[in-house]
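Predicted model only: the values in this text are computed from it and were never measured.
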Amino acid sequence: MLYPQYFIDDLKNRADLVRIIQPYAQDLKKKGQNWMACCPFHQEKTPSFSVNPGKGFYKCFGCGKGGTAYNFLMEMEGLNFPEAVKRVAEISGVMLPEPVDDVSYERGKKQREEKKQIAEQVIELNQIALEHWEKELQGKSKKAKQAREYLETRGISDEIQKQFRIGYSPDSWDGLLGVLRDFGADDKLIIQSGLVSVNEEKERTFDRFRGRIMFPVLDVNGRPVAFGARSLDPDDQPKYLNSPETPAYTKGEHLYGLFQARDEIRKKKFAILVEGYLDLIALAQFGITNVAASLGTAFTPEQSKLLSRFAKKVVINYDGDPAGIKAARRAIEHLLPQEFDIKVLVLPDGKDPDDFIRENGTDAYNEARGKATAFLRFALEAAVKDRNMNNAKQKAEAIEDFLPVIAAIRNNIQKRESFDQGMTYFHIEDAALRRELWSSLGPAHNSTATNITQKVSRAARAKITVAERQLLELLVFDQDLRDAILPQLEPSDYENLSTAELFAAFNDIHASKRDITQETLLEHIGDDEDSVDLAHSLLTGTPRRAKEDVMDTVLHEAENCVFALRNMAIANRIMEISREATLAEQSGDAERFNQLTYEQLELEKIRRDLQQRIVEL
């Protein structure tokens with residue numbers, strides 16, 4: 001009885017080789033990308049036993065023994081191969097599939113061999129297509145000339161075109177189809193290649209790529225497995241068109257440009273990861289060649305494993321828009337299990353690498369890359385972006401967004417330190433809640449996610465200060481007082497308070513010259529339960545000043561409240577700066593640390609002046 005080959009291969013890639021070997025080599029210590037120890041198979045005083053978890057193998061340079069996790073356990077525990085597979089699955093916490101008998105195994109093996117043969121044939125057709133499109137790009141037709149002019153306007157030189165095998169697919173329904181048939185390929189294989197589309201209703205086969213610039217996707221051995229294409233006609237949709245999955249190509253298993261960049265990535269010992277092929281080509285045009293692109297799809301665990309074969313440091317440089325930020329965070333979660341050293345580069349004004357390097361040049365790009373943000377700081381800042389951390393629900397959502405990044409870290413010491421930094425950043429002081437959040441990072445964390453979110457939300461609910469409530473009570477029924485006080489109240493005085501929605505609502509309603517009523521308040525404060533409850537409490541209260549009374553006393557009280565809120569806002573910002581400065585110091589960002597320190601000193605000065613004014617009042 002045997003286990004399916006796909007499972008054996010996947011388990012080998014997922015297995016934590018260090019964890020499997022460490023009980024038998026307790027002096028195992030990390031040395032660069034590898035781990036070293038005295039060999040468990042023979043006696044020695046100087047460590048010569050090397051473990052490479054990224055590539056999934058071990059080797060002793062003394063006795064010569066080496067292999068995978070399966071080989072190690074077969075040798076060390078005297079297991080046969082199926083028993084070793086079962087043991088690795090147990091250690092890795094992976095469920096075993098149903099074993100297959102010898103007949104089923106042979107049948108599966110034959111099917112895999114047939115699929116491999118078809119894949120090789122598809123790659124052969126892709127090679128024909130690639131060469132055909134390269135030739136077409138250099139043709140004399142008006143459309144070929146337009147294609148060359150487009151590449152010239154994008155600053156893509158002839159050298160780069162040749163390096164990346166860029167071509168042009170003529171606007172013809174059967175140009176490539178005819179070339180493939182002339183080669184002798186049958187229609188069934190041509191359809192399997194993904195180079196053509198089929199209209200089943202009209203029983204017609206036609207070229208998939210027409211009137212487009214062609215960007216071949218090469219595997220790490222330089223063989224064309226798929227294509228990306230950009231339309232030349234602005235009205236031709238979609239603008240970008242990619243190959244479908246074929247016997248030769250599975251989405252998420254390849255990186256565009258890795259074949260061309262692999263030697264430079266090894267040489268520089270780090271890779272830059274971008275989203276699209278035009279981003280990569282623009283960087284290559286400006287001499288930055290240690291770059292790979294995730295082909296516009298979400299970065300996958302398979303791509304992470306592939307990249308780890310060439311370097312263990314990566315700078316993620318996706319677009320700076322919300323979609324790019326989200327994609328970068330997901331990429332981090334897939335890179336961390338491969339123990340990458342990760343930084344994230346978000347270019348100014350949310351520019352993509354293509355636009356930025358064309359406008360600013362290589363030196364400016366390299367300078368920005370040198371200031372890339374450590375992954376932990378990026379993940380924290382991304383989690384809190386556009387969220388009010390004084391709103392309990394939004395704070396809980398931010399923590400829920402952040403925790404998967406911590407869960408992806410393999411090294412337990414790094415995981416714990418990163419978790420603690422995150423909890424400090426979010427001001428989670430409750431020890432019991434911290435313990436529960438830490439426990440939620442285990443294998444069963446999804447089952448308790450809702451419960452954890454509710455507990456974080458409850459713990460995060462900020463208490464309303466006396467100054468907040470008093471000022472709202474003074475203002476709610478007194479239009480004359482609102483005329484005097486609201487112009488003095490700045491958004492920064494209240495924007496991080498739990499009552500921020502109410503203060504903003506008061507301002508908006510007053511500016512529109514309407515009365516503050518239940519109806520007008522509910523138009524502005526949304527569905528936050530705490531805000532709705534407080535609004536109801538304010539509106540059912542009594543005015544703090546009768547209409548015939550002078551305003552001096554309530555004006556003095558209101559101004560005191562404003563100064564108290566401003567003092568509190570400054571104190572909170574100083575606390576945030578201290579938190580950000582700690583992250584900057586830990587990530588080695590001296591420039592950011594100095595900027596924050598200067599801002600803190602300036603705020604301390606403003607705070608002292610404000611406190612003096614409060615005393616004088």
Task: Step-by-step side chain to side chain contact (heavy atoms under 4.5 Å, CB included) determination, Phe270 to Asp341 - done: CA-CA 9 Å; Phe270 78 96; Asp341 179 354; over 6 Å; no
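- A heavy-atom distance below 4.5 Å is not found between the side chains of Asn317 and Asp279.
- The distance from the CD atom of Glu436 to the CG atom of Asp430 is 9.5 Å, given to the nearest 0.5 Å.
- Taking 4.5 Å as the limit, some side-chain heavy atom of Lys312 sits within range of a side-chain heavy atom of Ser308.
- For Lys371, the side-chain contact (heavy atoms from CB on, under 4.5 Å) partners at least two apart in sequence or on another chain are Glu367, Glu591.
- How far CD1 of Ile577 is from CG of Asn572: 11.0 Å, rounded to the nearest 0.5 Å.
- Shown here are the side-chain contact (heavy atoms from CB on, under 4.5 Å) partners of Lys59, two or more places apart in sequence or in another chain: Phe61.
- Taking all atoms of both residues into account, the shortest heavy-atom contact from Leu17 to Tyr58 is CD2-N, 4.1 Å.
- With Asp319 contributing its side chain and Gly324 its backbone, the two residues share no donor-acceptor pair below 3.5 Å.
- Inter-residue side-chain proximity for Phe378 and Ile342 is flagged as unmet; no heavy-atom pair is nearer than 4.5 Å.
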- [ ] Would you check, one step at a time, whether the test side chain to side chain contact (heavy atoms under 4.5 Å, CB included) holds for Ile316 with Leu335?
- [x] CA-CA 10 Å; Ile316 303 171; Leu335 288 161; 3.8 Å; yes
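- For Glu159, there are no salt bridge (Lys or Arg N to Asp or Glu O under 4.0 Å) partners at least two apart in sequence or on another chain.
- For Phe426, the ring pair (Phe, Tyr, Trp, His ring centres under 6.0 Å) criterion is met by Phe402, not counting sequence neighbours.
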TODO: I would like to know whether Leu273 and Tyr318 meet side chain to side chain contact (heavy atoms under 4.5 Å, CB included); could you show each step before the answer?
DONE: CA-CA 7 Å; Leu273 184 64; Tyr318 285 178; 3.5 Å; yes
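- Judged by distance alone, with hydrogens and angles left aside, the side-chain atoms of Arg434 form a donor-acceptor pair with the main-chain N or O of Ile428 at under 3.5 Å.
- Here the CD-CG distance, from Glu275 to Leu280, works out to 12.5 Å after rounding to the nearest 0.5 Å.
- Legend: salt bridge (Lys or Arg N to Asp or Glu O under 4.0 Å) pairs involving residues 401-410, not counting sequence neighbours, sorted by first then second residue: Asp16-Arg410, Arg387-Asp401.
- Applying the salt bridge (Lys or Arg N to Asp or Glu O under 4.0 Å) rule to Glu339 yields no partners; only residues at least two apart in sequence or on another chain are considered.
- Arg223 CZ to Leu218 CG: the interatomic distance, rounded to the nearest 0.5 Å, is 10.5 Å.
- A search for side-chain contact (heavy atoms from CB on, under 4.5 Å) contacts involving Ser492 returns Glu490, Glu495, not counting sequence neighbours.
- The nearest pair of heavy atoms linking Phe340 to Lys313 is CD2-N, 3.9 Å.
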Output side-chain donor-acceptor pairs under 3.5 Å for residues 593-602, partner residues at least two apart or in another chain, one line each.
from, atom 1, to, atom 2, distance (Å)
Asn594, ND2, Ala590, O, 3.3
Thr597, OG1, Phe593, O, 2.8
Glu599, OE1, Arg573, NH2, 3.3
Glu599, OE2, Arg573, NE, 3.1
Glu599, OE2, Arg573, NH2, 3.3

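- Looking only at side-chain heavy atoms (C-beta outward), Phe72 and Val51 stay at 4.5 Å or farther from each other.
- Summarising the geometry of Asn126 relative to Ala226, their closest heavy-atom pair is ND2-N, 4.0 Å, with the distance given to 0.1 Å.
- Within the 4.5 Å cutoff, no side-chain heavy atoms of Leu603 are placed close to those of Arg607.
- Summarising the geometry, atom CG belonging to Leu232 is positioned 4.5 Å from atom CD1 belonging to Ile213; distances are rounded to the nearest 0.5 Å.
- Although no hydrogens or angles enter the test, the distance criterion places a donor-acceptor pair under 3.5 Å between the side chain of Ser304 and the main chain of His334.
- Looking at heavy atoms from C-beta onward, Phe503 lies out of side-chain contact with Asp493 at the 4.5 angstrom threshold.
- Here Arg329 pairs with Glu333 under the salt bridge (Lys or Arg N to Asp or Glu O under 4.0 Å) rule; sequence neighbours left out.
- Between Phe419 and Leu437, the closest side-chain pair of non-hydrogen atoms falls below 4.5 Å.
- Checking side-chain atoms of Ser169 against main-chain N and O of Arg212 turns up a donor-acceptor pair under 3.5 Å.
- For the pair Asp219 (side chain) and Asn221 (backbone), a donor-acceptor distance under 3.5 Å is present.
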Listing, residues 238-262 side-chain donor-acceptor contacts under 3.5 Å, not counting sequence neighbours, or none:
from, atom 1, to, atom 2, distance (Å)
Ser243, OG, Phe227, N, 2.8
Ser243, OG, Phe227, O, 3.3
Glu245, OE2, Lys251, N, 3.0
Thr246, OG1, Ala248, N, 3.1
Thr246, OG1, Tyr249, N, 3.1
Gln260, NE2, Gln163, O, 3.3
Arg262, NH1, Val220, O, 2.5

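- Atoms CD and NZ, on Glu397 and Lys395 in that order, are 13.5 Å from each other to the nearest 0.5 Å.
- The shortest heavy-atom contact between Met36 and Pro47 is CE-O, 3.8 Å.
- The two residues Leu11 and Ala89 come nearest to each other via the heavy atoms CD2-N, 3.8 Å.
- Closest approach of Lys30 to Gly32, counting heavy atoms only: CE-O, 3.2 Å.
- Of the N and O atoms on the side chains of Ser157 and Gln285, at least one donor lies less than 3.5 Å from an acceptor on the other residue.
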In a table with atom names and distances, give each donor-acceptor pair under 3.5 Å that connects a side chain of residues 352-362 to protein atoms at least two apart or in another chain.
from, atom 1, to, atom 2, distance (Å)
Asp352, OD1, Asp354, N, 3.3
Asp352, OD1, Asp355, N, 2.7
Asp354, OD1, Arg358, NE, 2.5
Asp354, OD1, Arg358, NH2, 3.4
Asp354, OD2, Arg154, NH2, 2.2
Arg358, NE, Arg154, O, 3.4
Arg358, NH1, Arg154, O, 2.4
Arg358, NH2, Arg154, O, 2.6
Glu359, OE1, Lys351, NZ, 3.2
Asn360, ND2, Phe356, O, 2.9
Thr362, OG1, Phe286, O, 2.9

- [ ] Would you please test Arg14 and Ser92 for side chain to side chain contact (heavy atoms under 4.5 Å, CB included) and show each step?
- [x] CA-CA 8 Å; Arg14 292 171 62 181; Ser92 304; over 6 Å; no
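- Under the rule for a salt bridge (Lys or Arg N to Asp or Glu O under 4.0 Å), the partners of Arg416 that lie at least two apart in sequence or sit in another chain are Asp420.
- No side-chain heavy atom of Lys385 sits under 4.5 Å from any side-chain heavy atom of Ile325.
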